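Worksheet for the structure shown next.
All values below were derived from every heavy atom in this structure, side-chain atoms included, with hydrogens, water molecules and symmetry-related copies excluded. In what follows, chains are A, B, ... by sequence order, proteins preceding strands, each numbered from 1. Every value quoted in this text rests on a predicted model; they were computed, and no experiment measured them.
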2 protein chains.
Amino acid sequence: MPTIEDVARHAGLSRTTVSRVINNQPYVCEEKRQRVLSSMGDLGYVPNSSARRLRNKKTETIAVLLPRITNPFFSHMMEAMEKKASEWGYQVIVCQTHYSADKEIDYLELLRKKQVDGLIMTSVHNDWTKIEEYLASGPIVLCNENMEEANTAIIHIDQKQAAYDATMHLVEQGCKKLAFLCGNTESSITRARRSGFMKALHNRGVAFVEHDSFQEAMDVDNGREILSIIQEEDPEIDGIFTGSDEVAAGIIYEAIQRGISIPEDLAVVGFDNQTISMLMNPSISTVEQPIVDMANKSVEVLIQHIEQHLRQKREEYVFDHTLQQRNSTMRNIAVPM
Amino acid sequence: MPTIEDVARHAGLSRTTVSRVINNQPYVCEEKRQRVLSSMGDLGYVPNSSARRLRNKKTETIAVLLPRITNPFFSHMMEAMEKKASEWGYQVIVCQTHYSADKEIDYLELLRKKQVDGLIMTSVHNDWTKIEEYLASGPIVLCNENMEEANTAIIHIDQKQAAYDATMHLVEQGCKKLAFLCGNTESSITRARRSGFMKALHNRGVAFVEHDSFQEAMDVDNGREILSIIQEEDPEIDGIFTGSDEVAAGIIYEAIQRGISIPEDLAVVGFDNQTISMLMNPSISTVEQPIVDMANKSVEVLIQHIEQHLRQKREEYVFDHTLQQRNSTMRNIAVPM
DNA sequence: TTGTAAGCGTTATCAC
DNA sequence: GTGATAACGCTTACAA
């Protein structure tokens with residue numbers, strides 16, 4: 001592979017001049033500019049990324065941490081983030097934590113090694129005090145989680161209000177005994193949603209059920225298992241708040257197998273308005289989040305922080321959610337499927 | 001940020017010795033090794049990735065090209081690839097081509113810039129002769145596509161046989177007039193599947209329909225539109241081969257809206273055995289590919305090529321597929337849902 | 001407008 | 001065992 005030195009020699013000029021041409025800098029006359037350009041062409045020269053990164057102290061790369069890319073919520077986040085980053089000339093490294101605090105730390109280390117200029121976390125599995133240490137090495141943006149103590153940019157919806165809205169909807173449809181499901185037990189999201197759920201119940205005096213296995217509800221299989229448990233242990237439950245459309249889909253699938261009718265016997269509300277929520281039969285009522293807008297904002301804020309060396313300052317962006325009412329909850333009013 | 005120089009000074013030793021400790025090299029006595037280790041701890045030293053990349057001429061990073069990460073087929077590929085790469089200590093850059101040949105070239109350039117050590121393509125939008133030029137800069141593995149001319153490692157299933165199997169299944173269920181849908185028109189996959197589809201028809205003398213809009217069928221919305229077109233233009237079609245479960249789901253969704261009964265009026269077969277194919281009601285018959293195995297193999301082969309400097313040699317790995325028969329096609333025999 | 005030379009933070013070579 | 005020193009390929013003062 002030819003280096004800048006080779007190009008300079010071939011063009012009969014100095015490395016400096018070649019460098020100026022590469023970087024579109026002024027102070028190089030048109031004739032020499034052309035000579036450099038044609039030498040670059042002749043030799044098939046391409047600037048070496050590693051050398052530039054070392055010299056310029058920037059990588060033009062960001063890392064995006066998420067649990068698993070197969071979860072549609074996160075793949076939609078990633079799609080938008082990669083697209084936006086690419087527009088700004090940044091590369092994106094995928095970092096799947098698989099819900100592990102240790103893996104999360106491994107990926108945060110990318111910041112200290114200077115392998116990335118900045119990092120977006122869409123899920124959090126360590127305490128903020130632990131994560132905060134990494135802010136010294138580069139900017140971190142939280143997208144989705146809202147940690148109260150976090151002194152950095154955070155992008156999210158009002159999870160408490162969203163859960164409240166969804167739960168109130170179940171209550172209004174006449175549910176008398178509700179179950180609350182969530183993913184990662186200790187996340188800020190779960191705490192906020194639980195609090196919104198409880199608030200809605202409190203207002204109406206409806207009963208609810210806690211169960212250990214309702215604490216790790218992430219995917220279709222979890223949803224199926226949970227419906228089985230509910231049938232065995234507490235068949236009186238007639239309404240379920242789930243934290244994801246996949247879990248809701250699993251519940252509905254299993255309910256159909258067992259001849260339980262949705263929404264009459266059991267109303268179910270999902271989260272995220274994924275394609276599956278529209279496709280299921282019955283379709284799934286769900287809370288819609290503006291995923292693409294949130295993703296775009298996260299990347300913009302991160303790149304701004306990178307380029308302006310901002311850090312250690314809380315900066316909050318709250319996006320709006322909307323409740324999509326569909327057939328998995330609508331008991332009173334007939335809704336065209 | 002402290003450098004190796006700072007650590008050396010703090011420990012009262014040379015950079016060389018510190019470097020030896022960092023890289024677990026021999027010829028450093030235990031006492032000094034400890035002194036270095038504790039200096040590193042005191043200063044919070046972390047080796048700078050850019051400097052290492054320049055010096056060692058390797059990035060320990062690979063790029064994975066795919067159309068869109070939200071497509072479940074590709075997100076499952078990516079999940080497995082990132083996991084496997086991570087086990088080997090490699091980072092993964094996501095490169096979404098959005099079906100564009102130009103974007104594909106932009107990402108191939110990562111190889112020439114030495115920003116990645118190697119690259120996996122899961123879809124191809126340029127001619128092989130164009131892509132081949134990049135082999136000079138680093139290894140490329142094709143996972144999913146099978147280009148006949150490609151002199152590199154390729155991992156795939158027998159798409160022709162898979163399409164043949166799926167089509168024969170439709171024929172055996174009594175379909176008299178079939179439609180063939182596919183994604184990217186000019187891909188090797190489409191060519192192979194079309195040829196398998198035709199072979200099955202040829203054997204049985206069944207009719208089939210071509211239509212321009214059947215050529216860009218990638219997602220749920222495309223599926224819905226296509227069913228509308230079929231209803232208007234050729235309602236006699238009673239069996240559809242789709243290249244993806246999402247398209248099949250869209251077709252089924254729209255068919256239900258219109259009161260068309262599946263599989264009696266219309267049998268539909270999907271591809272990939274995604275979650276959606278099990279969840280839909282009726283469930284979708286589909287061709288299963290061993291995505292995770294293919295992804296793992298691709299990463300292993302790529303890393304082997306990187307570390308052993310192999311290149312320019314055709315090397316083919318063909319994986320087995322299986323047809324999952326479900327309710328979207330099973331007319332004769334009742335299958336428990 | 002152009003070129004010389006220093007240095008980004010590592011690691012490999014070679015001498016001690 | 002240990003330590004100077006010279007790269008790796010690039011950019012940027014500073015000089016000319």
If we count only N and O atoms by modelled type, under 3.5 Å, do the side chains of A/Glu145 and A/Ser188 hold a donor and an acceptor together?
yes
Whole-Å distance, B/Arg9 CZ to C/dG9 C1', equals 13 Å
The nucleotide from D/dG9, C/dT11, D/dG1 with an atom nearest the side chain of B/Ile22 is C/dT11
Touch class at under 4.0 angstrom, heavy-atom based, for B/Thr16 against every strand present: base
Within residues 43-56 of chain A, those residues having any heavy atom closer than 4.0 Å to DNA chain C are A/Leu54, A/Arg55
In whole angstroms, the gap separating P of C/dG9 from CZ of B/Arg20 amounts to 21 Å
- Do B/Thr17 and B/Ser14 get their side chains close enough for a donor-acceptor pair, meaning under 3.5 Å? yes
Margin query: Using the rule given for side-chain hydrogen bond (donor to acceptor under 3.5 Å, both in side chains), can you reason through B/Asn48 versus A/Arg53, listing the C-alpha separation, both sets of side-chain angles and the distance that settles it, and then say yes or no?
Written below: CA-CA 11 Å; B/Asn48 179 295; A/Arg53 288 161 79 120; over 6 Å; no
Is there a side-chain polar atom (N or O) of A/Thr17 under 4.0 Å from OP1 or OP2 of C/dG3? yes
Atom CG of B/Leu13 and atom P of D/dA4 are separated, to the nearest Å, by 10 Å
A/Ile4 atom CD1 is separated from C/dT4 atom P, nearest whole Å, by 14 Å
Taking 4.0 Å as the cut-off, does a side-chain nitrogen or oxygen of B/Lys57 come that near to OP1 or OP2 on C/dT10? no
Rounded to whole Å, the NZ-C1' distance (A/Lys58 to D/dC10) equals 14 Å
Per nearest nucleotide of DNA chain D, the residue lying toward the 5' end, B/Arg15 or B/Glu30, is B/Glu30
Whether B/Lys32 contacts D/dG1 is assessed here as follows: a side-chain N or O lying under 4.0 Å from the phosphate OP1 or OP2. Is that the case? no
From the candidates C/dT11, D/dT11, C/dT4, the one with an atom nearest any side-chain atom of A/Asn23 is D/dT11
Any B/Thr3 side-chain N or O less than 4.0 Å from OP1/OP2 of C/dG9: no
For atom CD of B/Glu186, decide whether the heavy atoms of other residues, nucleotides or ligands shown that lie under 6.0 angstrom number more than 12. no
Counting only side-chain N and O atoms of B/Gln25, is one of them less than 4.0 Å from OP1 or OP2 of C/dA12?
yes
Heavy-atom nearest pair, B/Glu82 first then A/Val94, reads OE2-O, 3.3 Å
A/Met40 CE to D/dG9 C1', in whole Å, measures 15 Å
To the nearest angstrom, the OH-C1' distance between A/Tyr27 and C/dT4 comes to 19 Å
Cut-off 3.5 Å, side chains only: do B/Asn144 and B/Thr122 have a donor facing an acceptor? no
*asked:* What I want to check is whether the side chains of B/Gln304 and B/Glu300 have a donor and an acceptor closer together than 3.5 Å.
replied: no
B/Arg33 CZ to D/dG3 P, in whole Å, measures 14 Å
